[in-house]
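Notes to accompany the following structure.
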Amino acid sequence: MQVPPTSSAPPTAPRRHRRSRTLGFAALAVSLLMAFPTAGSAFGDEAEEVPGGGDLGPNVLVFDPSTPDIQGKVDEVFKKQESNQFGSDRYALMFKPGTYDDINAQIGFYTSIAGLGLNPDDTTFNGDVTVDAGWFDGNATQNFWRSAENLALNPVSGTNRWAVSQAAPFRRMHVKGGLNLAPDGYGWASGGYIADSKIDGQVGPYSQQQWYTRDSSVGSWGNGVWNMTFSGVEGAPAQSFPEPPYTTLDTTPVSREKPFLYLDGNDYKVFVPAKRTNARGVSWNGTPQGESIPLSQFYVVKPGATAQTINAAVRQGLHLLFTPGVYHVDQPIEIDRANTVALGLGLATIIPDNGVTAIKVGDVDGVKLAGLLVDAGPVNSETLVEVGPDGASGDHSANPTSLQDVFVRIGGAGPGKATTSIVVNSDDTIIDHTWVWRADHGEGVGWETNRADYGVHVKGDDVLATGLFVEHFNKYDVQWSGENGRTIFFQNEKAYDAPSQAAIQNGDIKGYAAYKVDDSVTTHEGWGMGSYCYFNVDPTIRQQHGFQAPVKPGVKFHDLLVVSLGGQGQYDHVINDTGAPTSGTDTVPSQIVSFP
């Protein structure tokens with residue numbers, strides 16, 4: 001949440017020399033032992049086989065053009081969810097291929113809307129998919145946790161309104177007109193993310209403070225406030241940071257679109273798009289490149305499912321499709337099989353109990369985590385999501401693991417604690433759109449009440465983040481220890497509720513950087529990155545810098561900014577001791593074009 005505001009493609013970084021490994025005698029003995037039945041299975045105590053496939057549960061609403069009163073059913077969900085910011089209801093509205101007339105699907109909290117065609121144009125609305133901010137008096141800065149995917153829209157007025165902030169992806173959409181990213185009345189907004197979408201007309205950000213658009217096509221782009229970043233976008237404005245504040249990369253170095261559910265005749269399948277390199281424009285022109293997996297190869301997870309059953313399904317060889325709901329787990333969900341898909345519908349939410357890690361991914365190729373919200377529990381978890389074990393060293397460059405629309409929340413819905421939210425140990429991982437949020441409002445909020453020192457810690461090499469939103473952590477929001485890391489677009493707010501200067505002191509440095517690259521790192525690069533402060537408990541706090549990095553030839557940043565929101569606290573510099581301080585009460589960013 002925020003107060004109101006008063007290039008060319010990156011080069012491919014050199015790969016590190018990966019450590020070679022040999023299988024020692026002890027490890028060989030263990031692997032051989034695991035290949036044989038355990039004592040339990042030898043005596044017939046094997047766990048019951050987990051079935052694949054099945055129905056999608058009560059909170060997936062499936063429509064076709066002949067469904068009666070579609071508008072009434074969509075309105076009923078919106079009425080429940082419009083202001084239900086921290087509730088437990090979850091919904092997915094799914095539309096079979098066809099044409100739907102006179103639809104205005106208003107989308108509230110924890111609601112996803114999607115077409116069930118293989119391409120967006122298979123499912124067409126002569127109407128709108130709308131997000132506005134009437135519930136919050138025209139302020140869109142809390143329009144979180146919702147999504148729109150895989151639809152074509154012919155907006156009634158010629159322009160569709162999508163006034164959102166964080167954790168509200170707009171993916172694989174075709175808008176046959178314009179797209180307005182501001183609420184009615186042009187109140188505040190703090191989004192947002194578009195990927196793999198085609199907007200035939202103009203995208204109008206208006207009051208949007210920052211936005212990231214990836215691998216898409218736009219007719220034109222209207223304006224920019226603080227940070228508008230584009231990679232692989234046909235029709236994007238030219239590089240011009242800081243005035244206007246456009247950061248434009250011709251292509252995205254590596255990307256893989258999010259898996260999605262679709263209908264092949266009467267059969268549900270999940271399409272897993274192929275990895276792209278140096279991508280530009282949408283992925284769905286022509287024959288889609290990727291793999292279709294029948295629903296029968298998924299464990300369709302429904303509320304009440306246990307971590308034990310989920311893990312048994314993965315070991316059995318099934319993928320995971322989480323239906324809309326809230327899932328408590330008393331042990332980690334462990335995905336240690338290459339190419340496993342774990343896809344959530346309707347912001348499916350996982351809560352770890354008793355301080356466990358919610359999700360652990362092995363150091364294997366091609367795991368896809370997508371569409372999941374991880375909500376910290378009241379007992380502190382050391383980590384919430386781990387990609388690869390500590391010390392992971394496998395080469396996954398040909399088939400990386402990806403996290404897409406994987407969101408993390410600490411507090412807000414109730415007390416929650418976690419030392420580090422996401423740890424990425426596996427090399428080559430793609431982090432594509434995440435919002436990692438220590439809550440600044442809601443229930444269970446306070447400097448120690450929802451204590452969370454670190455947001456994202458990247459230890460693996462050759463990791464790429466596209467659309468990295470991380471906010472309000474007690475110490476570093478992002479810490480990067482791996483080599484050859486790259487980030488395209490970063491949005492951050494420091495913790496509002498810091499009680500004093502002493503509480504955030506980092507040795508002889510005033511405050512912990514929002515984004516820190518470790519001194520040991522020799523190669524790192526970032527584009528279009530902003531950090532904001534709003535120390536409303538103690539407005540006298542000074543933050544030494546938003547960014548901290550070693551001064552080395554291989555460490556480069558492009559288009560950085562820091563902002564003091566309403567003069568509540570100040571930055572002394574942008575990065576290290578470089579860049580002018582913020583000052584006074586004006587929310588005017590301090591910017592630098594390049595570092596060093």
Side-chain angles (χ1 to χ4, degrees), residues 48-64 67-70 72-81 84 87-97 105 107-117 123 145-151 258-271 293-314 316 318-329 333 335 340-351 358-359 368-375 405-407 413:
E48 186 175 343
E49 184 172 344
V50 179
D55 68 86
L56 299 176
N59 288 345
V60 176
L61 282 63
V62 179
F63 302 93
D64 65 46
T67 302
D69 193 23
I70 295 174
K73 292 178 173 64
V74 170
D75 287 347
E76 182 181 350
V77 172
F78 178 67
K79 184 177 179 180
K80 289 181 181 178
Q81 299 303 102
N84 193 18
S88 58
D89 292 333
R90 305 284 186 272
Y91 293 95
L93 311 177
M94 312 294 286
F95 289 79
K96 294 182 180 181
I107 306 300
F109 285 100
Y110 312 111
T111 305
S112 297
I113 187 168
L116 286 169
T123 309
W145 304 307
R146 64 199 74 198
S147 67
E149 301 181 49
N150 204 32
L151 292 164
K258 179 183 173 185
F260 61 92
L261 188 69
Y262 79 104
L263 275 171
D264 183 3
N266 293 318
D267 298 325
Y268 284 109
K269 296 181 178 179
V270 171
F271 190 77
I293 305 174
L295 192 64
S296 61
Q297 295 180 24
F298 283 78
Y299 172 42
V300 180
V301 191
K302 296 175 183 173
T306 64
Q308 291 91 330
T309 302
I310 294 168
N311 288 339
V314 174
Q316 188 180 301
L318 294 174
H319 303 277
L320 302 173
L321 182 72
F322 290 84
T323 64
V326 177
Y327 300 86
H328 284 264
V329 295
I333 294 171
I335 301 174
T340 300
V341 176
L343 174 64
L345 304 179
L347 281 295
T349 302
I350 299 170
I351 302 177
I359 302 173
K368 292 92 179 172
L369 296 183
L372 296 168
L373 171 61
V374 176
D375 207 350
D405 304 342
V406 174
F407 309 127

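This one's a predicted model, so the numbers in the text were calculated from it and none came from an experiment. Positions are given from 1 along the sequence.
Pairing each heavy atom of Leu320 with each of Ala313, the nearest pair is CD2-CB, 4.4 Å. Considering every non-hydrogen atom in both Leu372 and Ala342, the closest pair reads CD1-O, 4.2 Å. Between Gly117 and Pro97, the shortest heavy-atom distance links the atoms CA-CG, 3.8 Å. For the residue pair Ser88 and Val326, the shortest heavy atom distance occurs at O-CG2, 3.7 Å.
Atom CG of Asp405 and atom CG of Leu373 lie 11.5 Å apart (nearest 0.5 Å). A distance of 10.0 Å separates OG1 of Thr111 from CG of Asn59, quoted to the nearest 0.5 Å. Note: Phe63 CZ to Thr123 OG1 = 13.0 Å, rounded to the nearest 0.5 Å. Between atom OG1 of residue Thr340 and atom CZ of residue Phe298 there is a gap of 9.5 Å, rounded to the nearest 0.5 Å.
Among residues two or more places apart in sequence or in another chain, the side-chain contact (heavy atoms from CB on, under 4.5 Å) test is passed with Ala413 by Phe86, Asp375, Arg409. The salt bridge (charged side-chain N to carboxylate O under 4.0 Å, His left out) test applied to Lys269 returns Asp264, not counting sequence neighbours. In terms of the ring pair (Phe, Tyr, Trp, His ring centres under 6.0 Å) criterion, Tyr262 has no residue partners (sequence neighbours excluded). Qualifying ring pair (Phe, Tyr, Trp, His ring centres under 6.0 Å) partners for Tyr299, counting only residues two or more places apart in sequence or in other chains: none. With sequence neighbours excluded, the residues satisfying side-chain contact (heavy atoms from CB on, under 4.5 Å) with Thr323 are Val300, Lys302, Pro303, Tyr327. Residues passing the ring pair (Phe, Tyr, Trp, His ring centres under 6.0 Å) test with Phe78, sequence neighbours excluded: none. A search for side chain to side chain donor-acceptor pair (under 3.5 Å) contacts involving Arg90 returns Thr349, not counting sequence neighbours. Every side-chain contact (heavy atoms from CB on, under 4.5 Å) that Thr306 has, sequence neighbours left out, goes to Gln308, Thr309. Shown here are the side chain to side chain donor-acceptor pair (under 3.5 Å) partners of Ser112, two or more places apart in sequence or in another chain: Ser147. Listed by chain and number, the residues in a side chain to side chain donor-acceptor pair (under 3.5 Å) with Lys80 are Tyr91 (sequence neighbours excluded). Applying the side-chain contact (heavy atoms from CB on, under 4.5 Å) criterion to Ala114, with sequence neighbours excluded, gives Met94, Glu149. Taking Tyr268 as the reference, nothing meets the ring pair (Phe, Tyr, Trp, His ring centres under 6.0 Å) condition, with sequence neighbours excluded.
Between the side chain of Asn150 and the backbone N or O of Gly115, at least one donor-acceptor pair lies under 3.5 Å. Panel note: side chain Lys73, backbone Pro68; a donor-acceptor pair is recorded below 3.5 Å.
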- Test Ile113 against Leu151 for side-chain contact (heavy atoms from CB on, under 4.5 Å), laying out the working first. CA-CA 9 Å; Ile113 187 168; Leu151 292 164; 4.0 Å; yes
Exercise. Start with the C-alpha distance between Leu56 and Leu295, add both sets of side-chain angles, then the distance that settles side-chain contact (heavy atoms from CB on, under 4.5 Å), and finish with yes or no.
Key: CA-CA 10 Å; Leu56 299 176; Leu295 192 64; 4.2 Å; yes
TODO: Mind running side-chain contact (heavy atoms from CB on, under 4.5 Å) on Leu261 and Phe271 for me, showing each step along the way?
DONE: CA-CA 6 Å; Leu261 188 69; Phe271 190 77; over 6 Å; no
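Within the cation-pi definition used here (under 6.0 Å to the ring centroid, within 45° of the axis), Arg146 does not qualify as a partner of Tyr110.
Residues Val270 and His319 fail the side-chain proximity criterion, which asks for heavy atoms closer than 4.5 Å. In this structure, Phe95 and Val74 have side chains that are in contact, with non-hydrogen atoms separated by less than 4.5 Å. For the pair Leu347/Phe109, no side-chain contact is recorded, criterion being any heavy-atom separation below 4.5 Å from C-beta on. Contact check for Leu116 versus Val62: side-chain heavy atoms found under the 4.5 Å cut-off. You'll find the side chain of Lys368 stays beyond 4.5 Å of the side chain of Leu343, heavy atoms only. Within the 4.5 Å cutoff, the side chain of Asp267 has no heavy atoms near those of the Pro294 side chain. Side-chain contact check for Val329 versus Ile351: every heavy-atom pair is 4.5 Å or farther apart. Ile350 is listed as a side-chain neighbour of Ile333, based on a closest heavy-atom distance under 4.5 Å.
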